[in-house]
Amino acid sequence: MSLPDSYPSARRDPVVENLHGRSVADPYRWLEDAADPATQAWTAAQDELWSAWRAGTADLLTDGPFATDRLTARLHELLGAGFVSPPVWRGDRRFFTRRSGDQEHPVVVVADDTEGAGGADERVIVDPVALDATGATTLDAWQPSKEGDLVAYQVSTGGTEESVLRVLDVATGDDVDGPIDRARYSPVAWLPGGESFYYVRRLDPALVPPDEQQYHRRVWWHRLGTDPAEDVEVFGADQAMTTYFGAQVSRDGRWLIVSASEGTAPRTDVWIADLEASSPRAPVFREVAVGLDAEVGAWVGRDGRLYVHTDLDAPRGRLAWADPTEPTLWHPLLAEDPEAVLEDVALIDGGGDEREPTALLASWRRHAVSEITVHDPRTGARTGTVDLPGMGSVGGLVTRPEGGGEVWFSYTDHTTVPTVFRWVEGATTVWATPPGTLATLPEVEVHRLESVSADGTVVRAFVVAPAGLRGPDGPTHPVPTVLYGYGGFQISLDPAYSATTLAWVEAGGAYVVANLRGGGEEGETWHRDGMRGDKQHVFDDLHAVASTLIDQGWTTPAQLAVWGGSNGGLLVGATITQRPDLYAAAVCSAPLLDMVRYQRFGLGVTWTEEYGDADVPEELDWLLAYSPYHRVSAGTAYPAVLFTVFEGDTRVDPLHARKMAAALQAATTRPLAEAPVLLRLERDVGHGGRALSRSITLIVEQLQHVARQSGAGGRP
């Protein structure tokens with residue numbers, strides 16, 4: 001199949017709207033409707049173009065490090081260790097997720113011993129492939145009861161993330177309750193005894209307008225064995241329709257804590273109810289933190305205190321405590337660190353009836369690198385630190401519900417697969433390693449890069465490069481380089497093991513991860529400096545990192561590719577429309593690109609606190625200033641762009657990529673054979689989890705795209 005001389009035809013309609021006095025053109029609006037025969041014909045033509053491009057790069061696909069078979073095998077090797085999570089304890093029973101190197105999906109495992117992290121008594125109790133041999137079903141969440149004899153689990157199919165909730169008996173493995181639908185993003189908070197739990201579910205579709213059926217969540221109380229239609233609504237009727245809820249019940253069953261966040265706004269309200277003083281089916285709530293411009297997390301410890309983790313008056317986070325009967329009277333415990341973000345804490349005690357804490361462990365993120373400190377649990381004074389293997393990331397601090405002196409956590413860095421460690425009496429040891437075979441890794445070095453953004457802000461990045469590439473005076477020569485970023489929703493890009501990164505570096509390239517504003521690397525101020533009217537800061541930060549890489553000799557514009565997904569796809573779209581001269585290639589995955597109409601589709605309306613609301617004149621101006629679809633300019637030499645989108649994506653509709661691809665194909669001055677704009681549509685998968693084999697296929701094709709365009713795999 002030969003590559004055509006031109007792109008599939010896409011008509012330009014004279015659609016121009018007057019929005020708050022601004023004329024906004026939208027010539028490819030017809031591509032929003034996936035069911036329209038014209039859209040389907042255009043999409044089919046894009047599929048053919050993608051297939052032709054794949055066939056036309058046969059030299060790259062059959063020889064060298066980016067040959068399809070070779071790269072696929074190498075990614076399998078690099079992912080061969082699999083994955084194992086820290087344990088979730090229920091008495092002597094421990095639960096965890098695990099994926100061996102050849103498994104398509106992680107499974108939930110239970111073991112009944114207390115020694116080590118492996119044993120003959122381990123049993124798989126939830127296996128998505130056993131539920132669906134096609135691999136299209138994913139495990140979304142799971143939560144054991146307080147006694148550990150039941151597990152609530154949620155699965156969805158086709159990438160839709162439309163979770164269905166069921167309960168299984170751990171002893172038999174049989175389902176004993178459910179299905180309960182409309183449980184997307186639902187926590188499960190068990191009451192002692194396992195007879196009932198709280199969870200979150202959307203209202204019956206018959207009760208809400210068709211365009212609001214993704215919203216209107218409520219917190220419900222469910223008794224096992226009863227019809228979900230009889231569940232009791234206990235919270236949420238007075239909240240905004242886009243509100244997400246959290247729910248948890250203290251270990252002793254006395255306290256119910258409910259949290260609420262409107263969409264993805266960086267504000268959380270929290271309430272507490274005494275279930276001994278009120279009925280579980282009719283809890284009476286008191287405010288912990290309501291109406292504050294801050295994120296708040298709260299829980300009741302074994303010592304009976306209410307602990308509050310918040311960024312109120314502390315953008316990098318602090319810890320306080322209160323009496324649950326006086327939940328708004330907070331007492332300081334851990335103060336804000338001037339540089340490190342407080343991530344998590346764990347209280348250590350004697351276990352059993354000895355509930356008074358003897359130590360407090362805190363995990364922090366300092367410029368995206370984790371550290372753990374030990375403190376006096378009553379004064380907060382630092383008494384020690386926990387040794388970590390390197391410059392990496394810590395995930396969670398896990399203790400036993402019945403207390404004790406042990407803490408488990410996961411650790412990873414750019415060359416270390418996620419590994420579970422156990423801390424006890426000041427000593428840290430490996431508790432569990434992934435069950436598969438660890439691959440031989442390439443020789444790499446990790447460097448820190450600092451750039452100065454347009455407003456003078458220092459922006460940091462990790463550079464993962466072949467060993468020896470940087471000499472005493474800087475890089476010895478420029479190499480093909482991938483620049484990856486996200487910059488939004490307070491999400492941090494911390495050091496982590498990545499087969500994609502290692503495969504690229506092994507082939508001689510550099511892989512750079514930028515810590516941009518909008519993320520959480522430096523706390524809430526850092527986040528807010530990259531959202532709403534300040535979103536341009538994120539793009540300026542990435543421009544600065546790209547320019548530094550070029551100026552210092554790591555790479556050149558002809559060798560540099562930009563890569564991102566979801567909100568990171570928006571980053572890529574804005575980057576190539578603002579600075580097309582900086583890049584040879586781009587990978588734009590599951591992207592937001594039409595920022596004028598984004599809130600009309602998928603979960604877009606929940607993101608207006610992050611981006612702005614196009615129905616508000618001032619905020620429309622923010623969005624129009626950078627909206628990639630609206631910034632495409634005819635007669636511009638754009639980089640080669642690969643859009644990867646997923647038909648089952650219910651978060652970010654593929655329409656964004658369709659419209660943007662059509663606009664770029666019409667606007668670019670570079671020949672198709674030299675710098676193609678391509679659309680790769682994948683069916684039966686969505687925005688999030690997917691089978692291992694499908695993940696590897698996607699990575700292979702993305703890497704081949706940037707390799708071809710950056711010179712790593714030969715020139716077109």
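Keep in mind the model is a prediction, meaning the values are calculated, not measured.
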#### Entry: Check: Thr636 main-chain N/O paired with Ser633 side-chain donor or acceptor under 3.5 Å
no
### Message
Test your reading of the model: is there a side-chain donor-acceptor pair from Thr668 to the backbone of Arg670, 3.5 Å cut-off?
### Response
yes
### Query
Can you list the steps and then say if Glu522 with Arg460 is a salt bridge (charged side-chain N to carboxylate O under 4.0 Å, His left out)?
CA-CA 10 Å; Glu522 304 293 343; Arg460 296 175 175 85; 3.7 Å; yes
### Query
How about His105 and Leu692: do any of their side-chain heavy atoms sit closer than 4.5 Å?
no
### Query
Side-chain contact, heavy-atom cut-off 4.5 Å: Val513 with Val464?
no
## Note on the structure
Interatomic distance, OG@Ser498 vs CG@Asp413, rounded to 0.5 Å, equals 12.0 Å
### Query
Does the Gln599 side chain pair with the main chain of Ala614, one donor and one acceptor, at a distance under 3.5 Å?
yes
#### Entry: Side-chain donor/acceptor of Asp13 to backbone N/O of Val15, under 3.5 Å
no
### Backbone N/O of Ala45 and side chain of Trp50: donor-acceptor pair under 3.5 Å
no
### Query
Using a distance-only test with no angle check, is there a side-chain donor-acceptor pair under 3.5 angstrom linking Glu674 and Gln709?
no
### Query
Do His20 and Glu619 have side-chain atoms, one donor and one acceptor, less than 3.5 Å apart?
no
### Task
Measure the acute angle between the ring planes of Phe66 and Trp504, then classify it against the limits of 30° and 60° as parallel, tilted or perpendicular.
tilted
### Task
Sequence neighbours left out, what passes side chain to side chain donor-acceptor pair (under 3.5 Å) with Tyr484? Give chain and number order.
none
### Message
Can you give me the closest heavy-atom contact between Val459 and Ser453, atom names plus distance?
### Response
CG2-CB, 4.0 Å
### Query
So, are Arg29 and Glu17 salt-bridged, with charged N and O less than 4.0 Å apart?
yes
### Task
For the residue pair Gln665 and Gln46, confirm or rule out a side-chain donor-acceptor distance under 3.5 Å.
yes
### Query
How far apart are the closest heavy atoms of Thr644 and Ser589, and which atoms are they?
OG1-OG, 2.7 Å
### Query
Quick check: does any side chain N or O of Thr606 sit under 3.5 Å from a backbone N or O of Thr264, one acting as donor and the other as acceptor?
no
### Query
Which residue pairs pass the salt bridge (charged side-chain N to carboxylate O under 4.0 Å, His left out) test when at least one of the two sits in residues 533-562, sequence neighbours left out?
Arg517-Asp541
### Task
Could you verify whether a donor N or O on one side chain and an acceptor N or O on the other, from His447 and Arg470, lie under 3.5 Å apart?
yes
### Message
I need the minimum non-hydrogen distance between Ala514 and Leu542, along with the two atoms involved.
### Response
CB-CD1, 4.2 Å
### Message
Suppose we screen for salt bridge (charged side-chain N to carboxylate O under 4.0 Å, His left out). Which residues come up paired with Glu161, at least two apart in sequence or across chains?
### Response
Arg184, Arg651
### Query
Any luck finding a side-chain donor-acceptor pair between Arg54 and Gln704 under 3.5 Å?
yes
### Message
Do His367 and Glu521 pair up side chain to side chain, a donor and an acceptor below 3.5 Å, judged on atom types alone?
### Response
no
### Task
Please lay out, stage by stage, how Thr412 and Val417 fare under the test side-chain contact (heavy atoms from CB on, under 4.5 Å).
CA-CA 6 Å; Thr412 183; Val417 295; over 6 Å; no
### Query
To the nearest 0.5 Å, what is the distance between CD1 (Ile696) and CG (Leu71)?
9.5 Å
### Message
Using a 6.0 Å distance limit plus a 45 degree cone around the ring axis, check whether Arg680 lies over the aromatic ring of Phe646.
### Response
no
#### Entry: Pairwise side-chain contact, Asp594 with Tyr28, heavy-atom cut-off 4.5 Å (strictly under)
no
### Query
Within a strict 4.5 Å, meaning less than it, do heavy atoms of the Leu31 and Leu655 side chains meet?
no
### Query
Under 3.5 Å, side chain of Thr39 to main-chain N/O of Ala34, donor-acceptor pair present?
no
### Query
Do you know the tightest heavy-atom contact between Pro466 and Gly509?
CD-O, 3.2 Å
### Message
Check this for me: does any side-chain nitrogen of one of Asp47 and Arg683 sit under 4.0 Å from a carboxylate oxygen of the other?
### Response
yes
### Message
For Tyr497 together with His414, are the ring centres under 6.0 Å from each other?
### Response
no
### Task
Any chance you could lay out the side-chain contact (heavy atoms from CB on, under 4.5 Å) test for Thr577 and Tyr626, step after step, and finish with the verdict?
CA-CA 9 Å; Thr577 51; Tyr626 68 80; over 6 Å; no
### Query
Could Lys659 and Tyr629 be counted as a cation-pi pair, given that NZ or CZ must be under 6.0 Å from the ring centre and within 45° of the axis?
yes
### Query
Is Thr548 reaching over with its side chain to a backbone N or O of Ala544, donor-acceptor style, under 3.5 angstrom?
yes
### Task
Measure the spacing between CG of Leu703 and OG of Ser710 and express it to the nearest 0.5 Å.
10.0 Å
### Query
Are a donor atom and an acceptor atom from the side chains of Thr608 and Asp613 found within less than 3.5 Å of each other?
no
### Query
Is Arg532 positioned over the aromatic face of Tyr611, cation under 6.0 angstrom from the ring centre and no more than 45 degrees off axis?
no
### Task
Compute whether any side-chain donor of one residue and acceptor of the other, for Ser566 and His687, lie under 3.5 angstrom apart.
yes
### Query
So which heavy atom on Met531 is nearest to which on Glu609, and how close?
CE-O, 2.9 Å
### Task
For the residue pair Gln559 and Thr481, establish whether any side-chain heavy-atom pair is separated by less than 4.5 Å.
no
### Val538 vs Leu571 side-chain heavy atoms within contact, under 4.5 Å
yes
### Task
Compute both the distance and the angle, then confirm whether Arg658 meets the cation-pi test with Trp42: under 6.0 Å from the six-membered ring centre, within 45 degrees of the axis.
no
### Task
Give a yes or no on whether a salt bridge exists between Asp621 and Arg22, defined as a side-chain N under 4.0 angstrom from a carboxylate O.
yes
### Message
If I take atom CG from residue Asp653 and atom NE2 from residue His656, how far apart are they, to the nearest 0.5 angstrom?
### Response
6.5 Å
### Summary
Which of Val479, Leu549, Val512 passes side chain to side chain contact (heavy atoms under 4.5 Å, CB included) with Trp554? It is Leu549
### Task
For the pair Leu672 and Leu49, evaluate side-chain contact (heavy atoms from CB on, under 4.5 Å) and give the outcome as yes or no after the intermediate values.
CA-CA 10 Å; Leu672 192 163; Leu49 174 60; 4.1 Å; yes
### Message
Between Trp526 and His537 (judged by ring centroids, cut-off 6.0 Å), do the two rings come close enough to count as a pair?
### Response
no
### Message
Whether Glu104 and Arg690 form a salt bridge (side-chain N of Lys/Arg under 4.0 Å from carboxylate O of Asp/Glu) is what I want to check.
### Response
no
#### Entry: Option passing side chain to side chain contact (heavy atoms under 4.5 Å, CB included) with Ile576 (candidates Val632, Asp581, Val641)
Val641
#### Entry: Close side-chain approach of Leu483 and Tyr583, heavy atoms under 4.5 Å
yes
### Query
Is any side-chain heavy atom of Leu502 less than 4.5 Å from a side-chain heavy atom of Arg74?
no
### Query
Of all heavy-atom pairs between Pro106 and Pro128, which one has the smallest distance, and what is that distance?
O-CD, 3.3 Å
### Query
Can you find a side-chain donor-acceptor pair between Thr72 and Asp69 that sits under 3.5 Å?
no
### Message
As an exercise, state the distance from OH of Tyr486 to CG of Leu493, rounded to the nearest 0.5 Å.
### Response
9.0 Å
## Note on the structure
Separation between CG (Asp649) and OG1 (Thr160), nearest 0.5 Å, reads 10.5 Å
